[in-house]
Enquirer: 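I'd like to ask you about the structure that follows.
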Amino acid sequence: MRYTQLGRTGLKVSRLVLGTMNFGPQTDEADSHAIMDAALDAGINFFDTANVYGWGENKGRTEEIIGSWFAQGGGRRDKVVLATKVYGNMGPDGEAWPNHDKLSAVNIRRAVDASLKRLGTDHIDVYQFHHIDRATPFDEIWQAVDVLIQQGKILYVGSSNFPGYKIAQANETAARRGGTIGLVSEQCLYNLAERRAEMEVIPAARDYGLGVIPWSPLHGGLLGGVIKKEAEGGRRASGRAADTLADPVARKQIQAYEDLLEKHGVEPGEAALAWLLTRPGVTGPIVGPRTREQLDSALRALELELGEELLSSLDEIFPGPGPSPEAFAW
């Protein structure tokens with residue numbers, strides 16, 4: 001396993017991040033525990049979750065599964081850099097009582113204590129804002145964060161799904177307050193098929209010293225050989241992948257991608273992950289395996305070297321937006 005610093009911090013994290021969103025809804029507790037054991041055995045030390053994972057009436061279930069895994073001992077908690085998130089409404093009926101969601105100081109305090117209880121730990125290594133809160137000023141957010149850091153309940157703070165200007169706003173406010181480290185990571189949608197983050201989000205993250213943690217590296221399965229799998233009678237595309245393939249132009253693009261990688265003898269899903277590992281500013285993509293086999297495939301991406309010819313061909317199929325402001329101005 002290869003490791004890197006998380007942004008400008010001294011924290012060392014693996015170049016693959018174990019995403020746990022499927023633990024509970026797709027993968028039962030026993031299999032989830034087995035996947036986490038396998039990830040740790042392979043050297044993955046960065047685990048990502050969120051308080052809302054489990055979804056619907058089972059919100060919080062994923063954190064509970066991780067907590068029961070930690071409870072087995074064997075140094076599991078000490079070996080893991082644990083990241084979870086706050087923002088979402090935790091009410092099972094989908095309607096939040098006032099102040100039971102988003103990023104008010106009241107909800108941050110309530111949410112972190114609830115996550116700590118479900119996770120069975122006394123601290124969270126990276127506490128992430130799952131979305132921007134347009135109603136809460138960053139002065140209030142950082143005041144709440146400072147208290148939690150002083151209490152030892154969290155160590156670092158990251159963002160998720162933030163636009164570039166909010167990353168700047170958050171860290172400029174932190175700098176003005178003094179003594180607050182500010183955001184150290186940004187978790188964003190970024191993959192070969194969705195490169196808009198290159199225009200503003202990733203440059204802002206790099207300038208402010210945030211590690212970039214891409215989620216949905218296979219774009220909902222779209223970059224995992226979906227057309228070939230359908231032709232062979234495998235699992236059909238759903239969600240984001242199905243919506244994309246419904247567009248004939250996009251389907252032709254994905255077919256070109258799969259044909260290119262077949263020519264080079266490379267598995268599409270592994271190539272998509274390996275490509276992200278070549279991107280400037282990327283700490284490591286989040287892989288969310290439902291099975292041990294999917295985890296093994298992700299691990300193989302770490303050993304995959306993409307040559308310049310293949311990288312150039314991938315850029316031709318999936319051209320990025322270009323830098324800002326040249327992408328939309330001159």
Enquirer: Shortest non-hydrogen contact from Ile254 to Ile227?
Expert: CG2-CD1, 3.8 Å
Enquirer: Regarding Lys79 and Asp41, does a basic nitrogen lie under 4.0 Å from an acidic carboxylate oxygen?
Expert: no
Enquirer: Using side chain to side chain donor-acceptor pair (under 3.5 Å) as the criterion, point out the one residue from Thr49, Thr121, Thr84 that pairs with Glu63.
Expert: Thr84
Enquirer: Can Arg77 be said to sit on top of Phe70's aromatic six-ring, NZ or CZ under 6.0 Å from centre and within 45° of the ring axis?
Expert: yes
Enquirer: Determine whether Leu155 and Ile149 make a side-chain contact, defined as any pair of heavy atoms from C-beta on separated by less than 4.5 Å.
Expert: no
Enquirer: Report the residues that fulfil salt bridge (charged side-chain N to carboxylate O under 4.0 Å, His left out) with Asp296, sequence neighbours left out, ordered by chain and then residue number.
Expert: Arg292
Enquirer: Is it true that atom NZ of Lys102 has more than 12 heavy atoms of other residues, nucleotides or ligands lying nearer than 6.0 Å?
Expert: no
Enquirer: Compare all side-chain heavy atoms of His33 with those of Arg76 and state whether any distance is below 4.5 angstrom.
Expert: no
Enquirer: Indicate yes or no: at least one non-hydrogen side-chain atom of Pro214 is less than 4.5 angstrom from one of Asn191.
Expert: no
Enquirer: Taking all non-hydrogen atoms of both residues, which atom of Leu189 and which atom of Ser216 are closest, and how far apart?
Expert: CD1-CB, 3.7 Å
Enquirer: Would you call Lys252 and Asp247 a salt bridge, using N to O less than 4.0 angstrom?
Expert: no
Enquirer: Could you give me the CA-CA distance, side-chain angles and deciding distance for Met21 and Trp215, then say whether side-chain contact (heavy atoms from CB on, under 4.5 Å) is met?
Expert: CA-CA 11 Å; Met21 186 173 67; Trp215 61 266; over 6 Å; no
Enquirer: Does Gln151, at its CD atom, have more than 12 non-hydrogen atoms belonging to other residues, nucleotides or ligands within less than 6.0 Å?
Expert: yes
Enquirer: Would you say that Ile181 contacts Val157 through its side chain, given a criterion of any heavy-atom pair below 4.5 Å between the two side chains?
Expert: no
Enquirer: Tell me the closest heavy-atom pair linking Ala170 and Trp142, and the distance in Å.
Expert: O-NE1, 2.9 Å
Enquirer: Of the non-hydrogen atoms in Leu223 and Ala193, which two are nearest, and what is the gap between them?
Expert: CD1-N, 4.0 Å
Enquirer: Any heavy-atom pair between the side chains of Val52 and His130 that's under 4.5 Å?
Expert: yes
Enquirer: Under 3.5 Å, is there a donor on one side chain and an acceptor on the other for Gln72 and Asp37?
Expert: no
Enquirer: Are His123 and Asp125 close enough that a side-chain donor and a side-chain acceptor fall under 3.5 Å?
Expert: yes
Enquirer: If you take the centroid of each ring, where Trp contributes its six-membered ring, are Phe318 and Trp275 closer together than 6.0 Å?
Expert: no
Enquirer: Salt-bridge test for Lys228 and Glu258: reply yes if a basic N is under 4.0 Å from a carboxylate O, no otherwise.
Expert: no
Enquirer: Decide, yes or no, whether a salt bridge links Arg196 with Glu198 under the criterion of side-chain N to carboxylate O below 4.0 Å.
Expert: no
Enquirer: Show, in sequence, the C-alpha distance, side-chain angles and deciding distance for Tyr53 and Phe23, and conclude whether the ring pair (Phe, Tyr, Trp, His ring centres under 6.0 Å) test is met.
Expert: CA-CA 8 Å; Tyr53 290 172; Phe23 294 175; 9.8 Å; no
Enquirer: Give a yes-or-no answer on whether the side chains of Thr27 and Arg290 include a donor-acceptor pair shorter than 3.5 Å.
Expert: no
Enquirer: Test of understanding: with salt bridge (charged side-chain N to carboxylate O under 4.0 Å, His left out), list the residues that count as partners of Asp146, not counting sequence neighbours.
Expert: Arg177
Enquirer: Quick one: do the Glu186 and Ser159 side chains pair a donor with an acceptor below 3.5 Å?
Expert: yes
Enquirer: Over all heavy atoms of both residues, which pair between Pro268 and Leu261 is shortest? Give the atoms and the distance, please.
Expert: CA-CD1, 3.4 Å
Enquirer: For a quick check under 3.5 Å, do Gln187 and Asp48 share a side-chain donor-acceptor pair by atom type?
Expert: yes
Enquirer: Is Arg61 salt-bridged to Glu29, cutoff N-O under 4.0 Å?
Expert: yes
Enquirer: Taking the side chain as C-beta and beyond, is there a heavy-atom pair between Leu192 and His219 under 4.5 Å?
Expert: no
Enquirer: Taking CD in Glu305 as the centre, count heavy atoms belonging to other residues, nucleotides or ligands within less than 6.0 Å. Is the count above 12?
Expert: no
Enquirer: With the threshold set at 4.0 Å, does a side-chain nitrogen-carboxylate oxygen contact exist between Asp122 and Lys153?
Expert: no
